[in-house]
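In what follows, every chain begins at residue 1, and chains take the letters A, B, ... in the order their sequences are listed. In this text the structure is predicted, and so the values were computed from the model without any measurement.
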Amino acid sequence: MNKSRRDFLKKAGMTLLGASGARFVILGIADAEHLPDSGGSGVRRRWAIAIDTEKCASQGDCTACIDACNAEHNIPRIDNPEEEIKWIWKERAKAVFPHQLGNDSPRTLRDREIPVLCNHCENPPCVRVCPTQATWKRDDGIVMMDQHRCIGCRYCIVGCPYGARSFNFRDPRRAIDKLRSDYPTRTRGVVEKCTLCAERLAIGAQPACVEACEATCGAMVFGDLANPDSAIGRLVRTTLTMRRKPELGTEPKVHYKL
Amino acid sequence: MSTARKGADRLFWFLALTGLIAGLVGLWTRLTVGHASANYGSYIPWGLWVSGYIYMIGLSAGAFVMSALVFVFRVKALERIGTLALLTALTTLIGALLMIWMDLGHMDRVWRMVLRTNFGSVMGWMAWLYGAYFVLLLVEFWQAMRLRLVLQADAPGLAGTLCRILTFGNRDASAASRRRDAARLRILGSIGIPLAIAFHGSVGAIFGVVGARPYWNSGLTPIIFLVGALLSGAALLAMVTAIWGPGKEDGDNTAIVVLIGRIILGLLAFDVILEWAEISIGLWSSLPAESASLKLILFGHYWWVYWGVHVGLGILLPALLLLFAGKRASAVGWAGGLIAATFMSVRLNIVIPGLAVPEMEGLRDAFQGPGLSFEYFPSSAEWLLFIFAVSTAALLFLLGKSLLPVVDHDANPDLEPQLQGGPGHVQ
Ligand code: SF4
Ligand code: SF4
């Protein structure tokens with residue numbers, strides 16, 4: 001996208017933002033120039049998250065990241081596991097890495113509860129299968145969703161190898177604990193998932209989960225993998241991290257240190 | 001009409017009407033509470049409705065290819081059922097589209113599939129292929145009916161009025177117009193064959209391309225879909241012809257049905273070979289990701305769907321009927337009906353086990369404890385909506401065959417030149 005067009009879109013976005021007082025109108029328009037680790041080298045960014053699972057597990061049943069995400073994005077509370085809406089949640093490590101962790105792996109490792117979310121895959125199958133362009137990959141690697149375009153065919157849920165997408169079986173607005181007026185709610189019949197807090201990145205903030213985690217144990221690191229000097233770039237280059245189902249070639253951008 | 005045929009006709013009218021009325025409850029539930037009434041969830045996101053859709057779309061593709069034997073390949077022995085095959089293809093297509101439309105979370109946004117298509121998605125392509133196929137089927141059906149409509153246009157009553165309207169003022173019944181009809185039908189059918197193969201192949205590809213589901217992720221999937229479609233569509237047509245088909249009075253009916261029976265038997269054998277290839281390779285390679293789905297089908301909670309409904313009623317019994325009573329129209333009709341009806345179990349066994357082996361082991365634990373089972377069983381609302389779509393298709397068919405001169409009950413010499421005179425006439 002050339003500079004003037006981007007400036008125009010940014011201005012248009014900001015005008016809309018001013019007019020409505022809602023942050024979400026700039027989703028997908030604003031460019032987060034002043035974000036952590038952006039490097040400013042002109043290289044295409046690759047936002048990523050690394051999770052130190054040992055640090056995370058040291059906090060016991062901590063759900064700070066999940067709570068922050070749920071509150072930030074008007075995520076409904078639905079108790080039926082078949083119908084619940086999840087952007088980030090916790091799973092046993094054995095279930096997350098079924099091929100890497102066998103029955104003989106250390107029990108503490110196998111049973112460790114670790115956060116899982118959309119991997120913002122470099123080659124996202126969900127984007128490929130969506131018939132209506134309701135989900136797409138942005139230049140900075142974020143796999144976005146526009147619920148207004150979603151027809152609810154659920155092909156993306158079928159296509160995602162990580163169970164990262166949820167379908168709104170019921171009207172989610174009736175099950176929101178505390179409604180945030182500056183974030184859009186969704187309707188019945190559409191799919192949703194983690195957006196890597198694109199709206200926060202646009203104003204230079206970190207994703208809500210990472211920010212909340214920093215305030216507890218700092219197990220999550222967020223940044224630009226394309227910048228080798230970023231904290232995440234250094235971490236991934238110097239530590240052995242794992243990604244889920246690497247054999248599928250989706251190139252997940254959520255890294256785990258077990 | 002013989003008593004048996006009359007009885008069958010009445011039975012189908014009764015079933016279609018009752019199904020439609022009962023199905024209205026499902027329609028109401030779907031329109032008011034959406035997908036909340038369905039038993040599938042994030043774990044198995046596609047269920048009975050998606051299976052019902054690929055089932056009916058397969059019937060349509062199969063019936064269409066049978067019509068192409070008449071209009072493209074000019075198989076004389078089948079020429080009297082060309083229009084019946086087209087009506088079957090058209091009405092099952094409408095049922096299928098109704099079903100999948102209702103399955104969408106946002107039915108009001110269906111236009112996006114056509115106007116905001118992602119052509120990188122097989123499903124995006126499918127919307128266009130369906131659109132093209134639907135239009136083609138309508139035009140071809142009208143073209144195939146044109147002469148019949150003209151000949152019936154002066155008949156009294158509702159049927160006559162309908163025929164008059166549907167001729168759209170084209171009353172030409174000359175020999176030249178008949179030759180024109182035959183030529184146009186050949187062109188339309190020729191476009192239709194690759195289209196039918198493309199769209200049904202792409203339905204298979206929708207499943208085949210999903211890398212996340214090893215059971216589907218195979219180059220064989222679209223082929224299995226296609227052969228299944230040909231088999232189930234031809235089988236349905238055998239039943240339809242045995243009950244409502246032409247030539248009952250002049251003995252032609254038996255000859256037609258017996259010929260379709262032979263076609264079905266060949267397709268059935270081919271389908272069994274493909275199934276064998278799929279199951280044996282999947283099980284012997286013993287890659288847990290794929291064999292888990294197959295084991296679920298063969299030995300899981302719903303093993304009887306495979307062994308009882310599919311193998312017993314959908315393969316063995318029809319095969320026996322076709323082998324040992326294949327010269328009797330009623331036996332072939334029964335065999336066709338059995339294959340066509342039980343093919344729904346094949347479609348269910350494609351969609352659900354492919355999804356029942358979760359992409360994340362943890363999901364399985366979370367929902368139903370350790371051990372594979374496919375817990376999904378469609379809710380009553382799901383069944384009712386499915387019944388609504390099937391009954392709508394059936395009713396449209398019954399109305400079509402009753403109100404329009406689709407079937408020429410007496411050998412009608414007036415209609416014959418329609419297919420003659422063209423090159424490549426197969427006797
Ligand atoms: S994790 Fe799933 S939803 Fe997220 S980008 Fe990858 S395929 Fe898409
Ligand atoms: S459910 Fe929505 S986002 Fe997912 S594939 Fe269908 S249209 Fe696209």
Side-chain angles (χ1 to χ4, degrees), chain A residues 80-86 89-99 113-114 116 123 125-136 147-171 187-191 244-245 247-250, chain B residues 33-47 50 100-101 103-127 206-207 209-213 216-217 288-289 351 354-355 358-368 375-376:
Chain A
N80 175 0
E82 282 275 17
E83 293 184 5
E84 72 182 328
I85 306 291
K86 309 187 299 289
W89 71 106
K90 276 186 163 183
E91 255 343 304
R92 269 190 324 124
K94 170 76 184 78
V96 181
F97 295 104
H99 304 304
E113 294 277 327
I114 60 180
V116 285
N123 303 313
C126 56
V127 169
R128 180 118 185 118
V129 300
C130 174
T132 61
Q133 308 178 44
T135 189
W136 70 96
Q147 274 85 17
H148 294 102
R149 297 187 199 167
C150 175
I151 57 170
C153 67
R154 313 185 296 289
Y155 197 11
C156 55
I157 301 188
V158 170
C160 168
Y162 307 102
R165 293 176 163 258
S166 310
F167 180 69
N168 282 289
F169 283 88
R170 335 183 152 257
D171 184 356
T187 56
R188 184 177 87 186
V190 296
V191 164
R244 296 169 61 192
K245 300 193 177 176
E247 72 278 9
L248 293 176
T250 51
Chain B
V33 300
H35 291 251
S37 62
N39 272 355
Y40 49 78
S42 299
Y43 178 42
I44 295 186
W46 285 346
V50 172
I100 200 61
W101 181 44
D103 183 74
L104 294 183
H106 261 279
M107 289 163 64
D108 52 316
R109 294 185 189 158
V110 65
W111 60 271
R112 283 201 148 270
M113 286 193 79
V114 182
L115 297 183
R116 297 283 186 280
T117 318
N118 166 18
F119 285 106
S121 162
V122 195
M123 201 185 272
W125 274 102
M126 213 183 65
I206 283 189
F207 296 86
V209 297
V210 181
R213 318 280 173 172
W216 297 338
N217 191 211
V351 178
L355 292 163
E359 66 278 344
M360 183 148 72
E361 306 268 305
L363 292 176
R364 186 182 74 203
D365 293 348
F367 293 148
Q368 55 208 32
E375 282 295 290
Y376 167 75

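What you find for B:L104 and B:H35 is that their closest heavy atoms are O-NE2, 3.3 Å. When all heavy atoms are compared, the tightest approach of A:R149 to B:R112 is O-CD, 3.3 Å.
Contact tally against chain A (heavy-atom pairs below 4.5 Å) for B:A38, B:S37, B:A36: the top residue is B:A36. Counting heavy-atom pairs closer than 4.5 Å to chain B, the top residue among A:H148, A:R188, A:R170 is A:R188. For the set B:W46, B:W216, B:F119, the count of heavy-atom pairs under 4.5 angstrom toward chain A peaks at B:W46.
One N or O on the side chain of A:R154 and one on the backbone of B:D103 form a donor-acceptor pair closer than 3.5 Å.
For B:I206, the parts lying near chain A are the backbone and the side chain together; criterion is any non-hydrogen pair under 4.5 Å. Interface remark: B:W125 contributes no atoms to any contact with chain A (heavy atom separation under 4.5 Å). Contact of A:E247 with chain B is not made at all, since no heavy-atom distance falls under 4.5 Å. Contact annotation for A:V127: only backbone heavy atoms (N, CA, C, O) come within less than 4.5 Å of a heavy atom of chain B. With a threshold of 4.5 angstrom between heavy atoms, A:I151 approaches chain B through its backbone and through its side chain. At a 4.5 Å heavy-atom cutoff, the contact between B:V209 and chain A is made by side-chain atoms alone. Residue contact with chain A, scored on non-hydrogen atoms closer than 4.5 Å, involves the backbone and the side chain of B:Y40 alike.
Inspection of the A:R165 and A:T135 side chains reveals an N or O donor paired with an N or O acceptor under 3.5 Å.
Proximity of A:R244 to A:V116: side-chain heavy atoms (C-beta onward) are separated by under 4.5 Å at one or more points. Looking at B:M123 and A:V129, their side chains never come closer than 4.5 Å, going by heavy atoms from C-beta outward.
The ring pair (Phe, Tyr, Trp, His ring centres under 6.0 Å) search around A:F169 returns A:F167, not counting sequence neighbours.
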